[in-house]
Amino acid sequence: MSKRAVVLLSGGVDSSTTAAIAKAEGYEIYALSFDYAQRHRVELESARRVAESLGVKKQLIIKFDLREIGGSALTSDIDVPKNRIRNSEAGSRDTEKSEIPITYVPARNTIFLSFGLSWAEVLEAPDIFIGANAIDYSGYPDCRPEYLKAFETMANLSTKVSTEGKVKFAIKAPLLYLTKSEIIKKGTELGLDYSLTWSCYDPQPIILPLVKGGWGDFVPCGRCDSCLIRAKGFKEAGLKDPLPA
């Protein structure tokens, strides 16, 4: 049997780089993306394009509606914060250490990883990749290493194949201790096309069609946390962001 892995793929910089790393490590990739009625659903097209570019074995897009629960600017009518952090501080944990931003989606990584675990059990794929990052991130508690370790422990306590000794699950987070610029450099080394990715939490409609980029009717806002962290990463990596702004 080939070396299989389930990779959570949103279409953003981190998840796409994680998928590229899994491919470089020789995994047969089963990409899992989510349509949860998020404000930035344009990322699903990015996920599809990235999956195609990496030649994944299969991509699933699981659909459910987290707007029914709400509690986040990404899943309700709450405004996405803009210019919340200075560009020079984007991604600094010191900047956000006392605040979890309203763009946090309640229990999102737990939900996503649970779907990933379910598919991994069926595939008997021991490794589940996630693009979690504990350095250049927005302060989300479900990106911390202790959370990922706890989920891994739960995965091996709760599944049939693990309790029968057939599979020992591992949550792989290869970007956990990398800065955004280091992530972008790594993806670039692996040949990842970042023009296919999407980061913005609050896509903005455009009047004139784009000549390049192919993102239909939307461009990044350039001012949300995710846009600022992305811009900082490309700047510090000494690279131009290929995504039109």
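Atom set for the values below is all heavy atoms of this structure, side chains included, hydrogens, waters and symmetry mates excluded.
- For the atom pair OG of Ser118 and CG of Leu113, the computed distance is 12.5 Å after rounding to the nearest 0.5 Å.
- With 3.5 Å as the limit, one finds no donor-acceptor pair spanning the side chains of Glu236 and Thr179.
- Between the Glu121 side chain and the Lys160 main chain, a donor and an acceptor come within less than 3.5 Å of each other.
- In terms of hydrophobic clustering, with Ile, Leu, Val, Met, Phe, Trp and Tyr side chains grouped at heavy-atom distances under 4.5 Å, Phe64 and Leu60 are assigned to a common cluster.
- Here CD1 of Ile183 is found 7.5 Å from OH of Tyr194. Values are rounded to the nearest 0.5 Å.
- Side chain of Tyr30 to main chain of Ala125: no donor-acceptor pair is present (N/O by atom type, distance under 3.5 Å, no hydrogens or angles).
- Between the side chains of Ser15 and Ser10, at least one donor-acceptor pair of N or O atoms lies under 3.5 Å.
- In this structure a side-chain-to-backbone donor-acceptor pair under 3.5 Å is present from Arg144 to Pro141.
- Under the 4.5 Å side-chain criterion, counting only non-hydrogen atoms from C-beta, Pro220 is in contact with Leu243.
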In sequence, state the C-alpha distance, the side-chain angles, and the governing distance for Ser162 and Lys168, and then conclude on side-chain contact (heavy atoms from CB on, under 4.5 Å). CA-CA 6 Å; Ser162 61; Lys168 182 174 176 59; over 6 Å; no
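- The side-chain heavy atoms of Leu117 and Ser158, taken from C-beta on, include a pair separated by under 4.5 Å.
- Between Glu52 and Arg48, at least one side-chain N (NZ, or NE/NH1/NH2) sits under 4.0 Å from a carboxylate O, which counts as a salt bridge.
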Under the salt bridge (charged side-chain N to carboxylate O under 4.0 Å, His left out) criterion, do Arg223 and Asp202 qualify, and how do the steps go? CA-CA 9 Å; Arg223 296 186 295 127; Asp202 193 21; over 6 Å; no
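- Between Phe112 and Phe151, a ring centre-to-centre spacing not shorter than 6.0 Å is recorded.
- The CG atom of Leu54 sits 7.5 Å away from the CG atom of Leu9 when rounded to the nearest 0.5 Å.
- Between the side chains of Arg108 and Tyr140, no donor N or O sits under 3.5 Å from an acceptor N or O.
- Using a 4.5 Å heavy-atom cutoff, the side chains of Lys185 and Glu182 are not in contact.
- Between Val80 and Cys224 the shortest side-chain heavy-atom distance falls below 4.5 Å.
- Using a distance-only test at 3.5 Å, with no hydrogens or angles considered, no donor-acceptor pair links the side chain of Glu68 to the main chain of Leu66.
- For the pair Asp14 and Lys180, the salt-bridge criterion is met [side-chain N within less than 4.0 Å of a carboxylate O].
- Between Leu176 and Cys143 the shortest heavy-atom distance is CD1-O, 3.6 Å.
- Under the 3.5 Å distance criterion, the side-chain polar atoms of Ser72 are matched with a main-chain donor or acceptor of Tyr104.
- Here Glu152 pairs with Lys149 in a salt bridge; the nearest charged N to carboxylate O distance falls below 4.0 Å.
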Go through the steps to decide whether Asp77 and Arg67 satisfy the test salt bridge (charged side-chain N to carboxylate O under 4.0 Å, His left out), and finish with yes or no. CA-CA 9 Å; Asp77 294 330; Arg67 291 188 72 87; 3.0 Å; yes
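- Leu175 is connected to Leu190 through a chain of hydrophobic side-chain contacts under 4.5 Å among Ile, Leu, Val, Met, Phe, Trp and Tyr, so both are in one cluster.
- Note that OG1 of Thr103 and CG of Asp79 are 12.5 Å apart. Values are rounded to the nearest 0.5 Å.
- Between the side chain of Lys3 and the main chain of Glu25, a donor-acceptor pair closer than 3.5 Å is present.
- The minimum heavy-atom distance linking Ser195 with Pro242 is given by the pair N-CG, 3.4 Å.
- Taken from CD in Glu189 to OG1 in Thr17, the straight-line distance is 11.0 Å, to the nearest 0.5 Å.
- A heavy-atom distance below 4.5 Å is found between the side chains of Trp198 and Cys200.
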Under the side-chain hydrogen bond (donor to acceptor under 3.5 Å, both in side chains) rule, what do Arg230 and Thr197 come out as? Steps first, then yes or no, please. CA-CA 11 Å; Arg230 178 180 176 124; Thr197 66; 3.0 Å; yes
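- The backbone N or O of Val13 lies less than 3.5 Å from no partner atom in the side chain of Ser16, so there is not a single donor-acceptor pair.
- In plain terms, the two heavy atoms of Ala51 and Gln59 that are nearest each other are CB-OE1, 3.8 Å.
- Residues Ile61 and Val122 do not share a hydrophobic cluster, clusters being chains of Ile/Leu/Val/Met/Phe/Trp/Tyr side chains in contact below 4.5 Å.
- In this structure, CD on Glu28 lies 5.5 Å from CZ on Arg4, to the nearest 0.5 angstrom.
- The closest side-chain donor-acceptor pair between Tyr27 and Asp127 falls under 3.5 angstrom.
- Between the Ser53 side chain and the Val50 main chain, a donor and an acceptor come within less than 3.5 Å of each other.
- Screening Ile111, Thr75, Ile62 against Tyr36 for a side chain to side chain contact (heavy atoms under 4.5 Å, CB included) leaves a single residue, Thr75.
- Under the 3.5 Å distance criterion, the side-chain polar atoms of Asp142 are matched with a main-chain donor or acceptor of Asn109.
- Under a hydrophobic clustering in which Ile, Leu, Val, Met, Phe, Trp and Tyr are joined whenever their side-chain heavy atoms come within less than 4.5 Å, directly or via other members, Trp119 and Leu44 fall into different clusters.
- Put simply, Ile100 and Ile135 are part of the same group of oily side chains (I, L, V, M, F, W, Y) that touch within less than 4.5 Å, one to the next.
- In this structure, Asp241 contributes its side chain and Phe234 its backbone to no donor-acceptor pair below 3.5 Å.
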